[in-house]
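Every chain is numbered from 1, with letters handed out A, B, ... down the list of sequences.
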Amino acid sequence: MGRLMISLGSIYLVWKRYAYVYRKNMAFAVITTFVEPFLYLASFGFGLGSVIGIIDVGGIQVSYRAFVLAGIVGQTILFQSFFEAAYGSFVRMYYQKIFQAIAVTPVTIEEVLWGEIIWDASRSSTSAVAVMLIGVAIGDFSILGVLCAIPICFLFGMIFASLGLLVSAKSQSIDSISYPQYLFIIPMFLFSGVFFPLTNLPNLIHKIIFILPLTSVLSVLRTLVLGFTFEWWAPIIISGWGILLIPLARKAMIKRLVA
Amino acid sequence: MSSLSVIDLYKNYSRKNRPVVEAVRGISFDIKPGECFGLLGPNGAGKSTTMKCVTGFYHPSKGSIKVLGLDIAANLRDARMKLGVCHQDDTLDTDFAMLDQLLQFASFFRIDKKEALLRSEKLLKRFDLLERKKDLVESLSGGLRRRLQVARSLINNPELLVLDEPTTGLDPESRRSLWEILCEERKKGMAILLSTHYMDEAQRLCDRVAIIYKGKIVACDNPQKLISDVTNDKMIKEEIRPGITIERPSNLEDVYLLLTGVSLAADLSEGA
Ligand SMILES: Nc1ncnc2c1ncn2[C@@H]1O[C@H](COP(=O)(O)OP(=O)(O)OP(=O)(O)O)[C@@H](O)[C@H]1O
Ligand SMILES: [Mg+2]
């Protein structure tokens with residue numbers, strides 16, 4: 001099957017299945033897509049931001065609100081992509097068995113999984129765009145930067161979705177998804193620079209955090225929307241994760257399904 | 001041209017830290033257009049595994065499979081266009097209402113919207129599900145779900161239909177009406193690969209049955225012929241309730257039990 005050409009049309013059909021379900025449960029969709037980033041935004045951006053005021057990040061003066069708002073864009077992509085791909089795909093694969101159902105039609109399992117990853121990325125980047133638009137509206141983000149960031153957010157979404165899919169493929173039960181969630185995703189969210197600049201961390205911790213995908217995602221985002229200094233390693237590291245995770249996740253899931 | 005030709009199929013499951021399971025060990029058979037071919041065998045015999053290889057979902061460890069003359073591995077998409085599949089497991093998409101479920105699957109076969117609606121409503125009607133077409137799959141009883149899943153497998157007017165225990169959980173009336181639907185479709189040339197644990201069903205529906213035991217076909221023929229060959233058309237005497245003994249002609253179930261029973265297992269493994 002690997003030799004078979006992937007059909008974009010088939011991937012779109014799978015994507016449409018997700019979009020249909022999303023639209024049908026609009027209230028649920030809106031709450032899960034938008035409420036969480038807005039809660040973080042209100043609490044950290046406006047709440048904590050009003051206490052902290054201006055901070056200095058590597059010589060650049062920026063309001064803490066703007067700094068954290070860019071962080072929340074990254075966090076939104078991470079959470080929405082990862083959780084949808086990890087828990088959602090586990091349900092679709094294990095309980096609903098719809099991957100199996102679709103992959104005996106002319107749509108192949110490869111296309112089903114591409115559809116999954118692309119949908120998860122669509123969903124998370126939509127939320128990210130909503131957050132970025134707020135950033136533009138309150139004057140914290142540059143419009144041009146946000147426009148450039150949109151397709152990049154989508155790519156980041158695909159990478160985190162692949163991480164979720166990989167976790168789902170490797171999990172024996174839905175509960176065991178909690179291990180990578182608490183041992184990797186949550187620590188990464190707390191320490192990769194969503195809430196504070198990494199410059200003051202001890203050297204060793206800094207080095208570990210440096211290679212985590214969210215760190216690079218945040219660096220790229222802040223360069224784009226806040227005009228922070230471009231860090232050359234960031235696109236390289238995140239591309240590395242993408243090149244690693246996207247094929248690995250599909251392979252693992254196919255291995256699990258197609259014994 | 002055969003509707004399905006399976007030649008020397010082997011399928012092993014290999015999982016880390018677990019012994020390799022040889023689920024299918026050299027199965028060959030052929031189905032002609034309009035024919036219904038039954039796979040019978042105890043739990044774990046390899047029926048579903050064979051079927052999953054036929055649909056191109058699993059890669060065989062060895063052997064070749066041709067669906068309507070097309071090699072399934074090389075022409076997966078074209079072969080699948082003509083293939084209908086109903087899994088043994090419930091694989092309905094619970095996020096969809098009945099009608100939408102069928103429409104969604106029609107889209108995977110690139111059936112245009114108008115035609116899809118026509119076919120879906122017709123199928124729902126035939127399966128006596130039309131009044132509840134707006135109901136979510138979740139709200140359906142087990143038997144209704146099963147019927148919907150079989151209906152879904154017919155959405156592309158398949159030329160080969162793979163049915164893995166389609167009547168499990170159906171009430172007698174629904175079962176009979178499914179049999180009628182299958183009969184109509186066969187008249188149009190649709191071939192069926194069917195697995196079932198109901199011997200009466202196999203005897204009634206199948207032109208030929210293969211009895212599978214531990215991944216191998218131990219007998220394959222027309223049900224009537226199998227009965228005469230294996231049991232010599234003996235009358236069977238059995239005590240069906242305390243004190244009540246009847247004598248009846250032997251049937252497919254007797255054949256099945258003779259061929260897959262424990263007493264035979266020893267002989268077979270010696271010969272294998
Ligand atoms: N995904 C899998 N991984 C490992 N072993 C498997 C897998 N699927 C099936 N098996 C094993 O392969 C053998 C054949 O299973 P299969 O599902 O084909 O049997 P079956 O004839 O359909 O049985 P049933 O009547 O219970 O449906 C069994 O020993 C089963 O445990
Ligand atoms: Mg089975």
Side-chain angles (χ1 to χ4, degrees), chain A residues 1-26 28-29 84 88-89 91-116 119 169-170 172 251-259, chain B residues 11-16 20-21 23 48-49 51-61 72-97 100-101 103-111 136-138 149 152-153 155-156 158 162 164:
Chain A
M1 229 183 292
R3 279 163 279 125
L4 200 79
M5 282 282 287
I6 298 282
S7 144
L8 288 180
S10 296
I11 295 174
Y12 173 64
L13 290 172
V14 177
W15 187 91
K16 256 175 55 180
R17 181 244 161 236
Y18 288 88
Y20 175 90
V21 174
Y22 184 81
R23 258 187 299 130
K24 219 177 48 149
N25 309 320
M26 208 56 191
F28 175 78
E84 181 66 20
S89 85
V91 169
R92 290 185 271 278
M93 174 260 302
Y94 189 87
Y95 295 105
Q96 296 185 310
K97 299 188 195 310
I98 58 177
F99 289 174
Q100 291 92 320
I102 300 176
V104 293
T105 70
V107 178
T108 64
I109 186 69
E110 274 277 353
E111 290 156 352
V112 172
L113 297 179
W114 273 115
E116 168 79 41
W119 166 256
K170 296 280 182 193
Q172 283 311 310
K251 240 176 102 177
M253 188 51 102
I254 287 176
K255 194 167 161 221
R256 165 136 193 188
L257 287 171
V258 184
Chain B
K11 175 66 190 172
N12 299 336
Y13 293 108
S14 38
R15 288 274 144 101
K16 228 195 229 157
V20 173
V21 179
S48 299
T49 304
M51 291 176 144
K52 283 176 181 164
C53 291
V54 166
T55 63
F57 190 70
Y58 284 174
H59 305 285
S61 305
I72 188 80
N75 305 284
L76 188 67
R77 229 185 279 280
D78 294 334
R80 293 242 187 105
M81 282 305 261
K82 304 172 182 181
L83 188 70
V85 182
C86 177
H87 289 100
Q88 177 176 359
D89 298 323
D90 185 341
T91 61
L92 289 172
D93 195 336
T94 45
D95 288 314
F96 283 75
D100 298 330
Q101 174 101 201
L103 294 176
Q104 187 212 170
F105 269 69
S107 80
F108 297 142
F109 292 92
R110 315 281 174 129
I111 299 166
L136 270 182
V137 168
E138 263 169 354
Q149 202 175 328
R152 192 179 71 179
S153 69
I155 191 73
N156 58 326
V162 176
D164 200 349

State whether R17(A) and D93(B) are salt-bridged, where the test is any N-O pair (Lys NZ or Arg NE/NH1/NH2 against Asp/Glu carboxylate O) under 4.0 Å.
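Salt bridge present between R17(A) and D93(B).
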Most contacts with chain A, counted as non-hydrogen pairs under 4.5 angstrom, among T49(B), V137(B), D89(B):
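Max contact count across the listed options: D89(B).
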Residue among K11(B), R152(B), R15(B), H87(B) with most heavy-atom pairs under 4.5 Å to chain A
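Top count of heavy-atom pairs under 4.5 Å with chain A: H87(B).
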Kindly indicate whether the side chain of Q96(A), heavy atoms from C-beta on, has any atom under 4.5 Å from the side chain of D95(B).
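Q96(A) vs D95(B): side chains touch.
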Measure the spacing between [atom1] of [X] and [atom2] of [Y] and express it to the nearest 0.5 Å.
{"X": "K16(B)", "Y": "K255(A)", "atom1": "NZ", "atom2": "NZ", "answer": "6.0 Å"}
{"X": "H59(B)", "Y": "I254(A)", "atom1": "NE2", "atom2": "CD1", "answer": "7.5 Å"}
{"X": "T94(B)", "Y": "K97(A)", "atom1": "OG1", "atom2": "NZ", "answer": "12.0 Å"}
{"X": "T91(B)", "Y": "I102(A)", "atom1": "OG1", "atom2": "CD1", "answer": "9.5 Å"}
{"X": "E110(A)", "Y": "L76(B)", "atom1": "CD", "atom2": "CG", "answer": "11.5 Å"}

Of the non-hydrogen atoms in [X] and [Y], which two are nearest, and what is the gap between them?
{"X": "L257(A)", "Y": "F57(B)", "result": "O-CE2, 3.6 Å"}
{"X": "M81(B)", "Y": "P106(A)", "result": "SD-CG, 3.1 Å"}
{"X": "A101(A)", "Y": "F105(B)", "result": "O-CE2, 3.6 Å"}
{"X": "V107(A)", "Y": "F108(B)", "result": "CG2-CD2, 3.8 Å"}

Give a yes or no on this: more than 12 heavy atoms of other residues, nucleotides or ligands lie within 6.0 Å of atom [atom1] of [X].
{"X": "F28(A)", "atom1": "CZ", "value": "no"}
{"X": "Y12(A)", "atom1": "OH", "value": "no"}
{"X": "Y20(A)", "atom1": "OH", "value": "yes"}
{"X": "K24(A)", "atom1": "NZ", "value": "yes"}

Examine whether an atom of V21(A) lies under 4.5 Å from a heavy atom of chain B, and if so say whether it belongs to the side chain, the backbone or both; otherwise answer neither.
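Just its side chain gets close to chain B.
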Using heavy-atom distances under 4.5 Å, tell me whether K16(A) contacts chain B through its side chain, its backbone, both, or neither.
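For K16(A), neither part sits under 4.5 Å from chain B.
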Contact part of D78(B) toward chain A, heavy-atom cut-off under 4.5 Å: side chain, backbone, both or neither?
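Interface part for D78(B): neither.
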When you compare the side chains of T105(A) and R110(B), does any donor N or O come within less than 3.5 Å of an acceptor on the partner?
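Side chains of T105(A) and R110(B): no pair found under 3.5 Å.
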Closer than 3.5 angstrom, by distance alone: can the side chain of R80(B) be matched with the main-chain N or O of A103(A) as a donor-acceptor pair?
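Checking the backbone N and O of A103(A) against the side chain of R80(B), a donor-acceptor pair under 3.5 Å is found.
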